[in-house]
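Following: one structure in structure tokens, then a few remarks.
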Amino acid sequence: MSKKLMLGNEAAARGLYEAGCEFVSSYPGTPSTEITEFAAKYDDIYAEWAPNEKVAMESAFGASFAGKRSFCGMKHVGLNVAADPLFTLSYTGVNAGLIIGVADDPGMHSSQNEQDSRHYAIASKVPMLEPSDSAESKEYTKLAFELSEKFDTPVILKMCTRVAHCQGIVELEDRDVVEDVEYVKDPQKYIMTPANAIKKHPLVEERLNKLREWAEGSDINRIEEGTSNEYGFITSSTSYNYVKEVFGDKYPVLKIGLINPLPNNTILNFASKVNNLVVVEELDGIIETHCHTLGLKPIGKDKFTNLGEFSQTIVANAFGIKKEVPFTFKEELPARPPALCAGCPHRGIFYVLHNRYITVHGDIGCYTLGAMPPLNALDSTVCMGASVSGLHGFNKVAPERANNTVAVIGDSTFMHSGVTGLINIAYNESNSTVIILDNSITGMTGHQQNPTTGINLKGDPAGKVCLEDLCKSIGIKRVRVIDPYDIKKSEQVIIDELDADEPSVIISRRPCALLKNVKHPGPIKCDTEKCVGCKACMRIGCPAISMVKDKAFIDETLCVGCGVCGQMCKMGALPLRKEADND
């Protein structure tokens, strides 16, 4: 048996491999993405990117239905998209084991909210396991398959940013040989008509009771003794690590591994042995609320916030402890606002939209950074696909503004949930202009493939969706393709389509500047003799451009030579783009 230092996500993927998982379908979403990427490296596991999380979960259920252990992965907001099948799969149960991997993002490092996925486990009445480190990420994944098959239920494996992206030592074991579960036709179990579903609800409640009984006798919820009973801590996930790092073995700790259903007797017995019961949990007071239902009065959210991430310092400060925590900065770090990369193909489009004072419904992706200064181009960003649907509603009630309002959405996000909004525009005939920012990849989460790229997760050729044909097939007659590096032409096409009196789509097509297979003409240089220091080039917000001694300065380590800045300069101090060999 060997050991390896692994990310929590990598360890979860190892758990899938060792547990005999054969099917993985996910949609990339930070901080969950790497589980599927690492799983794809095992030849024994079929892994794919699905168009969205709902499709991923339904596909994973199909594999379970056929008798193979399966997994689907997503981030917390992706569980919103997959909630429809989740609640019904709780009723149907499974055939072979089915794990739903979800990663929360306390602190919103890369998310539009910091919702607590434990609510979904409670609402759907599905068991949820919550590891606190890489070793547990692997072991809980394997346990999740056992529980799934033992209790006939999908099981949620809840990660969070720190557990997913921190490293720990993991013991590697051989892959289990798991026999396929025979598929047997069973309409009463799997066909959720009202007559069948009404009989399943009591079984779901009975299952929760059995799971709670199992947990009472399992070390999944373990008690670690301390030398003083002045305080006793109930905690889980990464909060457990903070409590242990601050207090060590001084106070007893009840570490919760099965977060739903929560135990009753274990908590009551633990509470009876300590003077003050303390619950430490990030985001909402799920464990604390359960303690209150048991008649306990723990210290919880009155001392700990339900906002953002915790840390050793936060836990220590809550108890008035001035504790030197290693590996933390004493100085305040300078702000580093996010920005579109140098050469990003979206920059020119956002410059045009901002410069013409166009109202822009934004969406989820790296192009959301178009909201940042100096572009300031976006007016709203809600969730995946909402830009297209929101544009339709906006233009229906304010048709007088339709000729100055657009939606922007990336190619991957369009396939995820934007296409249905566009169908709505075509079907209900709103005079709306949608700009699809096609950068040939799923950019924000780290360059994953999607149905428009023609390459699958393994890097092999795959079916490719033609955006032009798709848009036309659903009833959009006006479909234009532009190169966003050509500012003047892009602006004219946007003006033309906004002036049209029918729905239209503009596909802004230029691959992400960071793609390895994209060749660039190389950095440009400023002609300081021509530069008058007007700062017109600074209006596009390119990180490769700065002002040095009142002259434009191009950082050659960042500049790719896209030539957008040259189109800003009326003095000719910045050269226009020279096409690379592959353009």
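Note that these values count all heavy atoms, side chains included, but never hydrogens, waters or copies made by symmetry. From a predicted model like this one, the values you see are computed outputs, not experimental measurements.
Stacking of K158 on the aromatic ring of Y140 is not recorded, the 6.0 Å distance cut-off and the 45° axial limit not both being met. A cation-pi arrangement is present between K255 and Y240, with the terminal nitrogen or guanidinium carbon under 6.0 Å from the aromatic centre and inside a 45° cone about the axis.
Proximity of a side-chain donor or acceptor of S236 to a complementary backbone N or O of I256 within less than 3.5 Å is not detected. Checking side-chain atoms of Q448 against main-chain N and O of W49 turns up no donor-acceptor pair under 3.5 Å. Here the side chain of E130 pairs no donor or acceptor atom with the backbone of M159 at under 3.5 angstrom. Counting only distance, with no hydrogens or angles, the side chain of S387 and the backbone of D363 share no donor-acceptor pair below 3.5 Å. Between the T453 side chain and the Q449 main chain, no donor and acceptor come within less than 3.5 Å of each other. With hydrogens and angles ignored, the 3.5 Å screen pairs a side-chain donor or acceptor of T293 with a backbone N or O of H290. Remark: side-chain polar atoms of S124 are not paired, donor with acceptor, to backbone N or O of F87 under 3.5 angstrom. Side chain of N221 to backbone of G257: a donor-acceptor contact under 3.5 angstrom is found. Side-chain atoms of K210 never come within 3.5 Å of backbone atoms of F151 as a donor-acceptor pair (strictly under, hydrogens ignored). K142 contributes no side-chain N or O that, together with a main-chain N or O of A19, makes up a donor-acceptor pair within less than 3.5 Å.
In this structure, S64 OG and I99 CD1 are separated by 11.0 Å, a value rounded to the nearest 0.5 Å. Here the CG-CG distance, from L208 to N260, works out to 6.5 Å after rounding to the nearest 0.5 Å. Taken from OG1 in T381 to NE2 in H361, the straight-line distance is 10.5 Å, to the nearest 0.5 Å.
Under the 3.5 Å distance criterion, with hydrogens and angles disregarded, a donor-acceptor pair is assigned to the side chains of H119 and D284. S239 and E282 form no side-chain donor-acceptor contact under 3.5 Å, judged by distance and modelled atom types alone. For the residue pair D116 and H76, no side-chain donor N or O sits within less than 3.5 Å of a side-chain acceptor on the partner. Side-chain N/O atoms of Y27 and S412 include a donor and acceptor closer than 3.5 Å. Inspection of the N450 and H416 side chains reveals no N or O donor paired with an N or O acceptor under 3.5 Å. A side-chain donor-acceptor contact under 3.5 Å links N275 and E230. With 3.5 Å as the limit, one finds a donor-acceptor pair spanning the side chains of S117 and D104. A side-chain N or O of Y367 and one of T413 form a donor-acceptor pair less than 3.5 Å apart. Using modelled atom types, one finds no donor on one side chain facing an acceptor on the other under 3.5 Å when comparing N456 with E48.
Using a 4.5 Å heavy-atom threshold, the side chains of C72 and E53 count as separate. Counting only heavy atoms from C-beta outward, the side chains of S111 and K75 approach each other to under 4.5 Å. Considering only heavy atoms from C-beta on, N95 comes within 4.5 Å of Y190 through its side chain. E114 is not listed as a side-chain neighbour of D105, based on a closest heavy-atom distance of 4.5 Å or more. In this structure, the side chains of V163 and S237 come closer than 4.5 Å at one or more pairs of heavy atoms. Counting only heavy atoms from C-beta outward, the side chains of P131 and L157 approach each other to under 4.5 Å. Residues W214 and L147 form a side-chain contact, since some pair of their non-hydrogen atoms from C-beta on lies under 4.5 Å apart. Contact check for C341 versus L514: side-chain heavy atoms found under the 4.5 Å cut-off.
Here F23 and F71 keep their ring centres 6.0 angstrom or further from each other. With ring centers used as reference points, Y251 lies under 6.0 Å from Y231.
With sequence neighbours excluded, the residues satisfying side chain to side chain contact (heavy atoms under 4.5 Å, CB included) with A371 are L378. In this structure, the side chain to side chain contact (heavy atoms under 4.5 Å, CB included) partners of T30, at least two apart in sequence or on a different chain, are T33, S110, H165, T445.
A salt bridge links R222 with E136; the closest basic N to acidic carboxylate O contact falls under 4.0 Å. Between D460 and K458, none of the side-chain N atoms (NZ, or NE/NH1/NH2) sits under 4.0 Å from a carboxylate O, so this pair counts as no salt bridge. For the pair E216 and R212, the salt-bridge criterion is not met [side-chain N within less than 4.0 Å of a carboxylate O]. Under 4.0 Å is where a charged nitrogen must lie from a carboxylate oxygen, and between R207 and E205 no such pair does. Here E10 does not pair with R14 in a salt bridge; the nearest charged N to carboxylate O distance is not below 4.0 Å. Salt-bridge formation is detected for the pair K138/E173: a Lys NZ or Arg NE/NH1/NH2 atom is positioned less than 4.0 Å from an Asp or Glu carboxylate oxygen.
Residue R69 forms a salt bridge (Lys or Arg N to Asp or Glu O under 4.0 Å) with just one option from E22, E179, E149, E146, and that option is E149.
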Under the ring pair (Phe, Tyr, Trp, His ring centres under 6.0 Å) rule, what do Y42 and Y17 come out as? Steps first, then yes or no, please. CA-CA 7 Å; Y42 295 104; Y17 168 75; 4.4 Å; yes
Intermediate values then yes/no, side-chain contact (heavy atoms from CB on, under 4.5 Å), L457 and T36: CA-CA 9 Å; L457 175 56; T36 301; 3.7 Å; yes
side-chain contact (heavy atoms from CB on, under 4.5 Å), that's the test. Do I287 and T235 meet it? Break it down for me. CA-CA 8 Å; I287 301 174; T235 186; over 6 Å; no
Test Y120 against N80 for side-chain hydrogen bond (donor to acceptor under 3.5 Å, both in side chains), laying out the working first. CA-CA 9 Å; Y120 270 111; N80 299 335; 2.6 Å; yes
Hey, mind stepping through M74 and I100 against side-chain contact (heavy atoms from CB on, under 4.5 Å) and telling me if it holds? CA-CA 8 Å; M74 62 204 69; I100 300 163; 4.3 Å; yes
Applying ring pair (Phe, Tyr, Trp, His ring centres under 6.0 Å) to F247 and F233, what does each step give before you reach the verdict? CA-CA 10 Å; F247 297 107; F233 291 88; 4.8 Å; yes
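Enclosure of atom CG in L172 by more than 12 non-hydrogen atoms of other residues, nucleotides or ligands within 6.0 angstrom is indicated. With a 6.0 Å radius and a threshold of 12 heavy atoms from other residues, nucleotides or ligands, D302 has its CG atom above the threshold. Surrounding NZ of K199 are at most 12 heavy atoms belonging to other residues, nucleotides or ligands under 6.0 Å away. Residue D44 places its CG atom among more than 12 non-hydrogen atoms of other residues, nucleotides or ligands, all under 6.0 Å distant.
The two residues Q167 and L5 have their closest heavy-atom pair at OE1-CD2, 3.6 Å. Closest approach of L283 and K301 over heavy atoms only: O-NZ, 2.7 Å. C21 and R175 get closest at one heavy-atom pair: O-NH2, 3.0 Å. Between E309 and P106, the closest heavy-atom pair is CG-O, 2.9 Å.
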